Amino acid sequence: MTAKILKRPFFERDSHVVAKELVGKYLVRKLGRDGKILKLSGIIVETEAYGYIDDQASHAFIGLTKRNSVMFGRGGFIYVYFTYGNHYCFNISAHASAVNAGAILIRAIEPVNGVEQMKEFRSENELLNLASGPGKLTQAFCINAKHNGCDVTNHNSDIYFQENQNQSNAVICTKRIGIRKDTDRYWRFLLANKEGDNIYINKYVSKKKENQDYKIC
DNA sequence: CACCCGATTATCT
DNA sequence: GATAATCGGGTGT
């Protein structure tokens, strides 16, 4: 029996709730390659939530524009944007109501299936460096501007999310990183393992130095 | 290993 | 014309 795909209702909740719950789930990328369908997959180990009018760091803060329009549509659609002249960032729209807006930035993934293909896409052999950052994971999973606006909630999607039967037992949160405004809210979520009183953060997260100030959530 | 800085372009004002 | 939800290479310790 295959794991369940995350459907529309999962994404139509407050973005910080969705961001927290996406941690530990699988991302699956179906790819046509040499006449066959190749599946790349991995466990989401780091996300960030972005909101609407109360969140100055969010692309939606300025109101509806051509670029951010997916953040204003229904939950469960892909928002990809190009930044710093080099990198794509992969987001999924999420908010609780039709008059809201928001998205989740997928920041890091622990590679599981299709590792050799990811290494080729990245020109990089080190497993820890394949998808441990938002720009790295789009390259490893071959996600780009053509995916903007795609629905992830059915099996025909090239990109979708799956439940994880063996989900880890802890998620921690930190302040969001790489932003200039609204830097104080704890809307960055990391996968961790709790063993007794000890917390171990997943080693595939990005920017390990910025993980010091965290809370258990 | 930590810090610093340049690259490079779509998007919005 | 300014900005940016980043990355990787270079330098110095």
Side-chain angles (χ1 to χ4, degrees), chain A residues 11 14-20 22-23 27 42 44-73 75 77-95 100-109 111 118-149 152 159 172-191 201 203-214:
Chain A
F11 299 101
D14 286 340
S15 63
H16 64 277
V17 175
V18 179
K20 178 188 164 185
L22 271 179
V23 171
L27 176 73
I44 297 169
V45 300
E46 177 178 348
T47 63
E48 275 179 358
Y50 288 89
Y52 185 23
I53 44 180
D54 65 336
D55 181 5
Q56 283 197 74
S58 174
H59 288 178
F61 178 76
I62 58 172
L64 177 66
T65 67
K66 189 174 178 183
R67 178 174 72 159
N68 68 18
S69 64
V70 175
M71 293 180 77
F72 289 79
F77 287 80
I78 293 169
Y79 169 41
V80 174
Y81 66 89
F82 187 64
T83 193
Y84 291 103
N86 283 298
H87 310 287
Y88 293 103
C89 287
F90 170 56
N91 302 254
I92 187 77
S93 63
H95 49 87
N100 213 318
I104 319 305
L105 172 65
I106 310 299
R107 289 194 54 90
I109 289 175
M118 294 184 203
K119 288 180 175 176
E120 187 185 321
F121 284 147
R122 289 270 301 129
S123 304
E124 165 71 58
N125 280 316
E126 173 54 56
L127 201 56
L128 277 173
N129 211 12
L130 282 184
S132 53
K136 297 178 194 176
L137 78 87
T138 53
Q139 192 177 24
F141 282 77
C142 191
I143 295 171
N144 52 58
K146 78 178 184 198
H147 297 106
N148 191 59
V152 300
I159 299 170
I172 66 169
C173 59
T174 79
K175 293 179 179 180
R176 295 179 293 183
I177 63 177
I179 54 175
R180 310 292 299 272
K181 302 169 188 165
D182 230 312
T183 52
D184 286 337
R185 66 177 94 202
Y186 286 76
W187 272 14
R188 174 171 173 251
F189 302 91
L190 306 175
L191 185 64
I201 298 176
K203 63 183 179 179
Y204 293 93
V205 303
S206 72
K207 303 276 180 67
K208 295 183 177 48
K209 191 193 156 200
E210 315 223 15
N211 300 335
Q212 310 302 324
D213 173 26
Y214 67 81

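The basis for the numbers below is simple: all heavy atoms, side chains too, and nothing from hydrogens, waters or symmetry mates. Protein chains get the first letters and strands the later ones, always in sequence-line order, with residue 1 at the start of each. All values derive from a computational prediction rather than experimental measurement.
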Original post:
Using a heavy-atom distance cut-off of less than 4.0 Å, which residues of residues 128-137 of chain A contact DNA chain C?
Top reply: A:Gly133, A:Pro134, A:Gly135, A:Lys136
Original post:
Base, sugar-phosphate, or nothing for A:Arg107, non-hydrogen atoms under 4.0 angstrom?
Top reply: sugar-phosphate
Original post:
What closest approach, in Å, do A:Ser69 and A:Leu64 show between heavy atoms, and which atom pair accounts for it?
Top reply: CA-CD1, 3.6 Å
Subject >> Closest-nucleotide 5' rank along DNA chain C - winner of A:Gln139 and A:Gly178 >> reply: A:Gly178
Original post:
Any idea which heavy atoms bring A:Phe77 and A:Gly149 closest together, and the distance?
Top reply: CD2-O, 3.3 Å
Subject >> Letter per nucleotide, 5' to 3', of nucleotides 3-13 of chain B [B base touched, S only sugar-phosphate touched, - untouched; heavy atoms, 4.0 Å] >> reply: S---BBBSSS-
Subject >> Shortest non-hydrogen separation from A:Ile159 to A:Ile143 and the atoms involved >> reply: CD1-CG1, 3.9 Å
Subject >> Neighbour count above 12 (heavy atom, 6.0 Å) for A:Lys181 NZ >> reply: no
Original post:
Quick one: side-chain contact (heavy atoms from CB on, under 4.5 Å) partners of A:Ala101, sequence neighbours excluded?
Top reply: A:Tyr52, A:Ala60, A:Phe72
Original post:
In dot-bracket notation, what is the pairing pattern of DNA chain C, taking Watson-Crick (N1-N3 plus N6-O4 or O6-N4) and G-U wobble (N1-O2 and O6-N3) contacts under 3.5 Å, with [ ] crossing and | for other strands?
Top reply: ||||.|||||||.
**OP:** With heavy atoms under 4.0 Å as the rule, sort A:Arg122 into base, sugar-phosphate or nothing.
**Re:** sugar-phosphate
Original post:
For A:Leu105, which contact category applies under a 4.0 Å heavy-atom criterion: base, sugar-phosphate, or nothing?
Top reply: base
Original post:
Under a criterion of less than 4.0 angstrom to any heavy atom of chain A, what are the 5'-terminal and 3'-terminal contacting nucleotides of DNA chain C?
Top reply: C:dA4 to C:dG8
**OP:** Under the side chain to side chain donor-acceptor pair (under 3.5 Å) rule, collect the residues that match up with A:Ser93, sequence neighbours excluded.
**Re:** none
Subject >> By side chain to side chain donor-acceptor pair (under 3.5 Å) - contacts of A:Tyr79 (at least two apart) >> reply: A:His59
Subject >> 5'-most by nearest nucleotide on DNA chain C - A:Glu124 or A:Ala60 >> reply: A:Ala60
**OP:** Apply side chain to side chain donor-acceptor pair (under 3.5 Å) to A:Arg67 and list each qualifying residue two or more places apart in sequence or on a separate chain.
**Re:** none
Original post:
For A:Asp213, which residues count as a side-chain contact (heavy atoms from CB on, under 4.5 Å) partner, sequence neighbours excluded?
Top reply: A:Lys175, A:Tyr186
**OP:** Report the residues that fulfil side chain to side chain donor-acceptor pair (under 3.5 Å) with A:Glu210, sequence neighbours left out, ordered by chain and then residue number.
**Re:** none
Original post:
Can you pull the salt bridge (charged side-chain N to carboxylate O under 4.0 Å, His left out) pairs that have at least one residue in residues 118-134 of chain A, sequence neighbours excluded?
Top reply: A:Arg33-A:Glu120, A:Glu116-A:Lys119
Subject >> Heavy-atom side-chain contact between A:Val70 and A:Asn91 under 4.5 Å >> reply: no
**OP:** Apply side-chain contact (heavy atoms from CB on, under 4.5 Å) to A:His95 and list each qualifying residue two or more places apart in sequence or on a separate chain.
**Re:** A:Asn100
